[in-house]
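Here is the structure we will look at, set down as structure tokens.
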Amino acid sequence: MTTLVGIILTYNEGKNITDCIESLRFCDQIVVFDSFSTDDTMSHALWAGVQLVQHPFENYAQRRNAALDSVQDVADWVLFVDADERVTQALATEVRAVIEQPGTIAGFRIPRDNYIFGRLTRGAGWFPDYQTRLLRMGKARFDPARPVHEVALLDGDLGTLTNRFIHYNYRDVAHFAEKQRRYAIHDAKILFDDGVRAKPHHLITQPIRHFWWRFVTLKGYQDGLHGLHLSLLMARYTYRKYRLLADMQASRA
């Protein structure tokens, strides 16, 4: 029988980890791959009887590759699940079925139902929000050149599952802003390293362009005022990213 290992990447996820673990009980083994949490994440994981591995955080892609390495001797397939995600029974059944099928597929992408500020969000780019998370061992790695917003590199074909993760994404505006601040720093550095340079007009045009993309092109308007709010918040994130990029340029001049 094919061995499936569920991996949960954590840092201070004490409020989420128990429910996430319970949704992965259909796996043959569950690993909590922790970046030295300072809350009660570890005690919850140990109480649940799953394997706990601690590894220092370098970047998001490196962390996923290190997690893959940690189970290479025991897993045929790996399912990555974030601590604020849940696997439904329908998704669990589909996962167990597809990994038993022969073929050249090296990984599967899985759609997500995103609950943002407690509301199921369909527009502005948050659905179907495919995540390549079910990976055949030895046939997948994460691109080290993409340390943020990780990209899986597959030695084989990519399949798509029908059933969805449930993702309890962003509890409130403060939580959203905290994460987007971190992403802005990482993304500005990537732009700078790639030779992209901010011009004064970018601080106006790029946020406007991003808002239009989220609210109109990606149909954020379908979510009404909620979609408008999210599109404006993402435009603000884009402004912050280009502001940081401009600051990097000035400091290197």
Side-chain angles (χ1 to χ4, degrees), residues 3-14 16-17 20-21 24 27 29-39 41-42 44-46 50-85 87 105-110 112 114 129-156 158 165 167 169-170 175-176 178-196 237 240-241 244-245 248 252:
T3 301
L4 173 66
V5 176
I7 298 179
I8 310 169
L9 303 178
T10 60
Y11 178 72
N12 289 350
E13 293 286 356
N16 285 312
I17 188 63
C20 185
I21 288 171
L24 281 173
C27 295
Q29 182 176 334
I30 301 171
V31 176
V32 171
F33 198 82
D34 184 71
S35 297
F36 294 94
S37 291
T38 58
D39 68 352
T41 298
M42 291 180 290
H44 282 296
L46 293 171
V50 302
Q51 182 180 351
L52 175 65
V53 176
Q54 290 195 292
H55 189 276
F57 179 85
E58 182 178 327
N59 60 59
Y60 295 98
Q62 179 272 343
R63 182 169 61 164
R64 290 196 188 274
N65 285 331
L68 285 172
D69 291 340
S70 73
V71 298
Q72 62 182 344
D73 294 330
V74 296
D76 297 310
W77 285 83
V78 164
L79 176 63
F80 277 106
V81 182
D82 289 346
D84 58 0
E85 294 172 340
V87 179
I105 291 182
F108 288 90
R109 60 179 188 164
I110 302 172
R112 292 197 296 191
N114 282 294
D129 191 25
Y130 288 111
Q131 304 292 313
T132 304
R133 298 282 195 75
L134 180 58
L135 306 173
R136 189 191 297 269
M137 282 300 301
K139 296 293 184 179
R141 300 291 289 177
F142 287 87
D143 187 353
R146 290 286 299 270
V148 183
H149 312 306
E150 312 92 294
V151 174
L153 304 175
L154 304 179
D155 182 14
L158 174 65
F165 285 125
H167 187 203
N169 196 1
Y170 305 121
H175 186 213
F176 185 96
E178 176 191 351
K179 280 196 170 182
Q180 295 305 322
R181 277 195 295 269
R182 294 202 302 266
Y183 288 147
I185 294 169
H186 285 291
D187 288 347
K189 185 177 186 305
I190 290 171
L191 289 175
F192 186 85
D193 291 343
D194 287 345
V196 177
Y237 152 74
R240 182 173 179 81
K241 178 174 65 176
L244 289 168
L245 177 60
M248 289 179 188
R252 304 289 178 89

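Quick caveat, the model's predicted, so the values are computed rather than measured. Any value given below was found using the heavy atoms of this structure, including those in side chains, with hydrogens, waters and symmetry copies removed.
- Rounding to the nearest 0.5 Å places OH of Y237 at 9.5 Å from CZ of F176.
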What's the verdict on side-chain contact (heavy atoms from CB on, under 4.5 Å) for Q180 and R240, showing C-alpha distance, side-chain angles and the deciding distance? CA-CA 9 Å; Q180 295 305 322; R240 182 173 179 81; over 6 Å; no

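- Residues that satisfy the side chain to side chain donor-acceptor pair (under 3.5 Å) test with R112, not counting sequence neighbours, are E85, D129, H167.
- A83 approaches C20 most closely through the heavy-atom pair O-CB, 3.5 Å.
- In this structure, F142 has its ring center under 6.0 Å from that of F80.
- Checked against salt bridge (charged side-chain N to carboxylate O under 4.0 Å, His left out), R64 has the following partners two or more places apart in sequence or in another chain: D82, E150.
- Residues that satisfy the side chain to side chain contact (heavy atoms under 4.5 Å, CB included) test with L158, not counting sequence neighbours, are R109, T132, L154.
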Trace of the side-chain contact (heavy atoms from CB on, under 4.5 Å) decision for V31 with I8: CA-CA 6 Å; V31 176; I8 310 169; over 6 Å; no

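- Once rounded to the nearest 0.5 Å, the distance linking CG of D73 with OG1 of T3 reads 12.0 Å.
- Among residues two or more places apart in sequence or in another chain, the side chain to side chain contact (heavy atoms under 4.5 Å, CB included) test is passed with D155 by K139.
- Under the salt bridge (charged side-chain N to carboxylate O under 4.0 Å, His left out) criterion, E178 pairs with R182, not counting sequence neighbours.
- Judged by distance alone, the side chain of R136 and the main-chain N or O of I105 form a donor-acceptor pair under 3.5 Å.
- For H149, the side chain to side chain donor-acceptor pair (under 3.5 Å) partners are D187, not counting sequence neighbours.
- Summarising the geometry of V81 relative to R133, their closest heavy-atom pair is CA-NH1, 3.9 Å, with the distance given to 0.1 Å.
- L68 CG to I7 CD1: the interatomic distance, rounded to the nearest 0.5 Å, is 6.0 Å.
- Scanning all heavy atoms of the two residues, the minimum distance from D84 to N169 falls at OD2-CA, 4.5 Å.
- Listed here is the closest heavy atom pair of V71 and V78: CG2-CG2, 3.7 Å.
- N12 pairs by the side chain to side chain donor-acceptor pair (under 3.5 Å) definition with T38, not counting sequence neighbours.
- Here D69 pairs with R141 under the salt bridge (charged side-chain N to carboxylate O under 4.0 Å, His left out) rule; sequence neighbours left out.
- Scored by the side chain to side chain contact (heavy atoms under 4.5 Å, CB included) test, K189 finds D193, M248 as partners (sequence neighbours excluded).
- In this structure, CD1 in I21 is found 8.0 Å from CG in L24, a value given to the nearest 0.5 Å.
- We find the CD1-CZ distance between I110 and F165 to be 4.0 Å, quoted to the nearest 0.5 Å.
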For a side-chain contact (heavy atoms from CB on, under 4.5 Å) check, start with the C-alpha distance between L134 and L4, then their side-chain angles and the critical distance, and finish with the verdict. CA-CA 9 Å; L134 180 58; L4 173 66; 4.0 Å; yes

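- Not counting sequence neighbours, Q62 has no partner by the side chain to side chain donor-acceptor pair (under 3.5 Å) test.
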Output side-chain donor-acceptor pairs under 3.5 Å for residues 50-57, partner residues at least two apart or in another chain, one line each.
from	atom 1	to	atom 2	distance (Å)
Q51	OE1	Q29	NE2	2.5
Q54	NE2	D34	OD2	3.3

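- Using cut-offs of 30° and 60° on the angle between ring planes, the pair W77 and F108 is tilted.
- Listed here is the closest heavy atom pair of I17 and T41: CG2-O, 4.3 Å.
- Atom OH of Y60 and atom CG of N65 lie 15.5 Å apart (nearest 0.5 Å).
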Evaluate S35 against R63 for side-chain contact (heavy atoms from CB on, under 4.5 Å), listing each step before the verdict. CA-CA 9 Å; S35 297; R63 182 169 61 164; 3.5 Å; yes

